[in-house]
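In what follows, a single structure is set out as structure tokens and then discussed.
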Amino acid sequence: MGYIQQDRLLEMMRFSFQRYGVSQCIIDSLMRVDGLEEDYPAQGKFMNDIQEFSKSTGCHVHLVAHPRKVREDARLGKLDIKGSSLIPNNADNIISVFRNVEKDRLRKAETLTKDQDYAMHDTEVCVEKQRETGWEGAIKLKFNRKNFVFSAMEK
């Protein structure tokens with residue numbers, strides 16, 4: 001909730017790594033870090049600071065960066081991240097998560113059949129950039145409403 005100063009956030013990440021051996025940090029979201037909302041050079045510097053922290057500690061940093069405003073049914077990619085181009089350029093991995101808007105539309109209209117529900121995915125996780133091996137692709141997921149778990153759809 002609210003905003004956090006960049007230096008304070010990085011200090012807390014370093015402390016958590018040194019004191020507790022934290023190996024994963026989640027920043028949700030970039031726009032909650034004070035001073036970055038419309039300042040593209042500051043966003044680039046912050047990305048460099050995160051990279052330096054991650055490389056020096058081995059700690060993985062997950063940064064939530066929301067997309068620019070586009071049509072609801074538009075397919076988004078790494079170039080649609082709101083903010084500086086240095087965000088996707090400096091990221092090691094970019095993963096996008098999409099809801100199946102067609103299935104949602106059918107469900108809201110109460111016209112989704114059992115066969116359609118079974119055949120259609122609920123969410124798609126797309127690897128848009130992956131620096132380690134270069135693999136990019138998508139995984140379609142089904143949501144189990146009984147136990148609130150996502151699982152990969154069988155091919």
Side-chain angles (χ1 to χ4, degrees), residues 1-108 120-145 148-153:
M1 284 182 31
Y3 289 94
I4 187 167
Q5 297 292 319
Q6 298 172 47
D7 293 342
R8 176 81 173 129
L9 176 60
L10 287 164
E11 177 185 318
M12 291 170 68
M13 290 166 53
R14 282 187 197 94
F15 175 81
S16 298
F17 171 77
Q18 292 170 350
R19 175 73 185 241
Y20 300 108
V22 167
S23 62
Q24 308 277 324
C25 292
I26 301 171
I27 302 171
D28 185 9
S29 88
L30 177 66
M31 295 303 132
R32 290 278 155 225
V33 180
D34 195 35
L36 297 183
E37 190 166 330
E38 296 296 329
D39 189 343
Y40 292 175
Q43 289 175 13
K45 182 187 177 313
F46 184 68
M47 286 300 294
N48 288 335
D49 292 344
I50 290 173
Q51 279 279 350
E52 187 278 323
F53 167 79
S54 182
K55 301 293 187 223
S56 67
T57 63
C59 184
H60 194 94
V61 179
H62 304 268
L63 173 64
V64 176
H66 295 282
R68 293 180 171 86
K69 298 239 184 260
V70 294
R71 292 185 343 262
E72 184 178 309
D73 61 342
R75 190 69 181 187
L76 303 174
K78 59 187 167 193
L79 300 179
D80 296 308
I81 296 171
K82 183 178 180 183
S84 171
S85 62
L86 294 172
I87 297 168
N89 290 350
N90 285 341
D92 288 334
N93 303 295
I94 299 175
I95 298 171
S96 301
V97 180
F98 301 97
R99 294 177 72 173
N100 185 340
V101 293
E102 174 64 16
K103 186 172 183 179
D104 284 346
R105 186 185 62 72
L106 291 170
R107 182 175 282 120
K108 287 176 186 167
M120 296 173 83
H121 67 282
D122 295 296
T123 301
E124 189 172 355
V125 176
C126 298
V127 178
E128 307 283 346
K129 178 179 180 183
Q130 201 266 106
R131 207 178 293 250
E132 185 73 23
T133 66
W135 181 87
E136 294 178 3
I139 300 167
K140 293 183 178 184
L141 303 174
K142 293 288 286 183
F143 182 67
N144 184 321
R145 294 180 182 281
F148 300 101
V149 172
F150 283 98
S151 56
M153 286 186 71

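- Using a 30° and 60° split on the angle between ring planes, F150 and F143 fall in the tilted class, from 30° to 60°.
- Judged by distance alone, with hydrogens and angles left aside, the side-chain atoms of Q43 form a donor-acceptor pair with the main-chain N or O of L36 at under 3.5 Å.
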* Residue pair K142, M153: steps toward the side chain to side chain contact (heavy atoms under 4.5 Å, CB included) verdict -> CA-CA 6 Å; K142 293 288 286 183; M153 286 186 71; 3.2 Å; yes
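- In this structure, the separation between CD1 on I95 and NZ on K78 is 13.0 Å, given to the nearest 0.5 Å.
- Exactly one of V97, V149, V125, D122 qualifies for a side chain to side chain contact (heavy atoms under 4.5 Å, CB included) with L141. That residue is V125.
- Of the possible donor and acceptor atoms, none in the side chain of S54 sits under 3.5 Å from a partner among the backbone N and O of I50.
- For the atom pair I27 CD1 and R32 CZ, the distance stands at 14.0 Å (nearest 0.5 Å).
- Around atom CG of D7, no more than 12 heavy atoms belonging to other residues, nucleotides or ligands sit under 6.0 Å away.
- Distance NZ/K82 to CG/L30: 10.0 Å, rounded to 0.5 Å.
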* Could you go step by step and tell me if M47 and L63 meet the side chain to side chain contact (heavy atoms under 4.5 Å, CB included) rule? -> CA-CA 9 Å; M47 286 300 294; L63 173 64; 3.5 Å; yes
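- By the 6.0 Å contact criterion, CZ on R19 is open, its count of non-hydrogen atoms from other residues, nucleotides or ligands being 12 or less.
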* **Test side chain to side chain contact (heavy atoms under 4.5 Å, CB included) applied to W135 and V127, step by step** => CA-CA 8 Å; W135 181 87; V127 178; 3.5 Å; yes
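- Counting heavy atoms of neighbouring residues, nucleotides and ligands inside a 6.0 Å radius, atom CD of Q24 exceeds 12 of them.
- Of the inter-residue distances, the one linking T123 atom OG1 with K103 atom NZ reads 8.5 Å to the nearest 0.5 angstrom.
- Panel note: side chain K129, backbone N89; a donor-acceptor pair is recorded below 3.5 Å.
- The existence of a salt bridge linking E11 and R14 is excluded, since no basic side-chain nitrogen approaches an acidic carboxylate oxygen closer than 4.0 Å.
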* Apply the test side chain to side chain contact (heavy atoms under 4.5 Å, CB included) to residues R107 and M120: give CA-CA distance (whole Å), side-chain angles for both, the deciding distance (0.1 Å), then the verdict. => CA-CA 12 Å; R107 182 175 282 120; M120 296 173 83; over 6 Å; no
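- For the pair C126 and A138, the tightest heavy-atom approach, listed with the atom from each and the gap, is SG-CB, 3.8 Å.
- Here the NE2-CG distance, from H62 to D28, works out to 12.0 Å after rounding to the nearest 0.5 Å.
- In this structure, the side chain of Q51 engages the main chain of N90 through a donor-acceptor pair within 3.5 Å.
- No donor-acceptor pair closer than 3.5 Å links the side chain of D80 to the backbone N or O of P67.
- Rounding to the nearest 0.5 Å places CD of E136 at 7.0 Å from CD of E128.
- Scanning all heavy atoms of the two residues, the minimum distance from V61 to M13 falls at CG2-CE, 3.8 Å.
- Within the 4.5 Å cutoff, the side chain of D34 has no heavy atoms near those of the R8 side chain.
- Here the closest non-hydrogen pair linking L86 and G44 is CD1-CA, 3.4 Å.
- Within a 6.0 Å sphere centred on CZ of R68, other residues, nucleotides and ligands contribute more than 12 heavy atoms.
- The nearest pair of heavy atoms linking C25 to F53 is SG-CE2, 4.4 Å.
- Among pairs with a residue in residues 36-48, those fulfilling salt bridge (charged side-chain N to carboxylate O under 4.0 Å, His left out) read K45-D49, at least two apart in sequence or across chains.
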